[in-house]
Amino acid sequence: MKIATWNVNSIRARADRLEQWLLRSDVDVVAIQETKASDENFPWDLFEKNGYEVAHFGLNQWNGVAIASRVGLDDVERTFVDQPHFGKIEDEIHAEARAMAATCGGVRVWSLYVPNGRAIGDPHMPYKLQWLDVLKNHAIAWLQEDPEAQIALCGDWNIAPRDEDVWDIDLFRREGYTHVTDEERAAFHAFEEAGFIDVVRPYHPGPGTYTYWDYTQLRFPKKQGMRIDFVLASPALANRVSGALIDREERKGKGASDHAPVIVELD
DNA sequence: ATGTCCCTGACACAGGGA
């Protein structure tokens, strides 16, 4: 069985490439982030005509997550319990469309689009950290409840856990960029301390291994990327992993997302 | 090649997000 995670940066703009990628990659499950679509304009047919069931959670043009599966799609859950909100007091406050889960082929798959902290000192940064903290507490509870649970926390984590996960850590430090701060890294490592394992890194160690390249500044041809998309597997699921792929080919050419798909193979 | 891309509102391009 193959499980993938991919930030598509608009599922409508990516429809043709996504369909070709489904045919080529032969994945059984894909957790999708940043659909930038509401449920009303989500391309349901794209999945159904290729043999996938699909569930989507989208409220407007921002965020949006989906899970497609050809090995079952059960117990769909939209947002996690007590998912932090973001909004000014005077605005309508709602939980953003950044998290959903489904059980696919016996695996509890989460599609996660972790908030972008935007900038150090920006209110989106404590929102990001709080969002991760609440999710981490759930992750701990899930494993306490069932140590053998097969859980895949898939998504765009918007964190580069190690210095080698960005092309120039000195630049990030000098400019005070996000994604590499101690606080963000601690929030990520808390999942590892809870027992979840980055199952891709052992197959594709760094330095120079990335999953995202900014559209600007010729970042992709210059090989200036960031490793921010991860599949964190529970211990029982990690034991089944037999391979992994960062599909860098999919970042090439016209109409590519700025993120590459990340694929995990299970025995 | 791959020297931003994508969305919306509204009809041209500004504004917002990444």
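Just so it is clear: chains get the letters A, B, ... in the order the sequence lines come, proteins before strands, and each one is counted from 1.
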With the threshold set at under 4.0 Å for non-hydrogen atoms, list the residues of [range] touching DNA chain B in residue-number order.
range                       : result
residues 113-120 of chain A : A/Y113, A/N116, A/R118
residues 252-263 of chain A : A/K252, A/G253, A/K254
residues 159-168 of chain A : none

Residues A/K128, A/E183: salt bridge by 4.0 Å N-O rule: no

Hey, is A/D163 close enough to A/R173 for a salt bridge, meaning N to O under 4.0 Å? yes

Are A/F80 and A/W131 an aromatic pair by the rule of ring centers under 6.0 Å? yes

Ring centres under 6.0 angstrom apart (A/W213, A/W167): no

So salt bridge (charged side-chain N to carboxylate O under 4.0 Å, His left out) across residues 27-36 of chain A, not counting sequence neighbours, yields A/D28-A/R70

Have a look at A/R251 and say if it touches a base, only the backbone sugar-phosphate, or nothing, with a 4.0 Å heavy-atom cut-off. nothing

Dot-bracket summary - DNA chain B, pairs being Watson-Crick or G-U whose distances fall under 3.5 Å, with | when paired to another strand: ...((((((...))))))

Does B/dA1 have OP1 or OP2 under 4.0 Å away from a side-chain N or O of A/R219? no

B/dC6 phosphate, OP1 or OP2, under 4.0 Å from A/R14 side-chain N/O: yes

Listed pairs under 3.5 Å, donor-acceptor, residues 147-160 of chain A side chains, sequence neighbours left out:
| unit_1 | atom_1 | unit_2 | atom_2 | d |
| --- | --- | --- | --- | --- |
| A/Q150 | OE1 | A/R240 | NH1 | 2.7 |
| A/D156 | OD1 | A/N158 | N | 3.0 |
| A/D156 | OD2 | A/N7 | ND2 | 3.0 |
| A/W157 | NE1 | A/F230 | O | 3.3 |
| A/N158 | OD1 | A/H179 | NE2 | 3.0 |
| A/N158 | ND2 | A/V114 | O | 2.9 |

Any side-chain donor near an acceptor of the partner, A/T5 and A/Q33, under 3.5 Å: yes

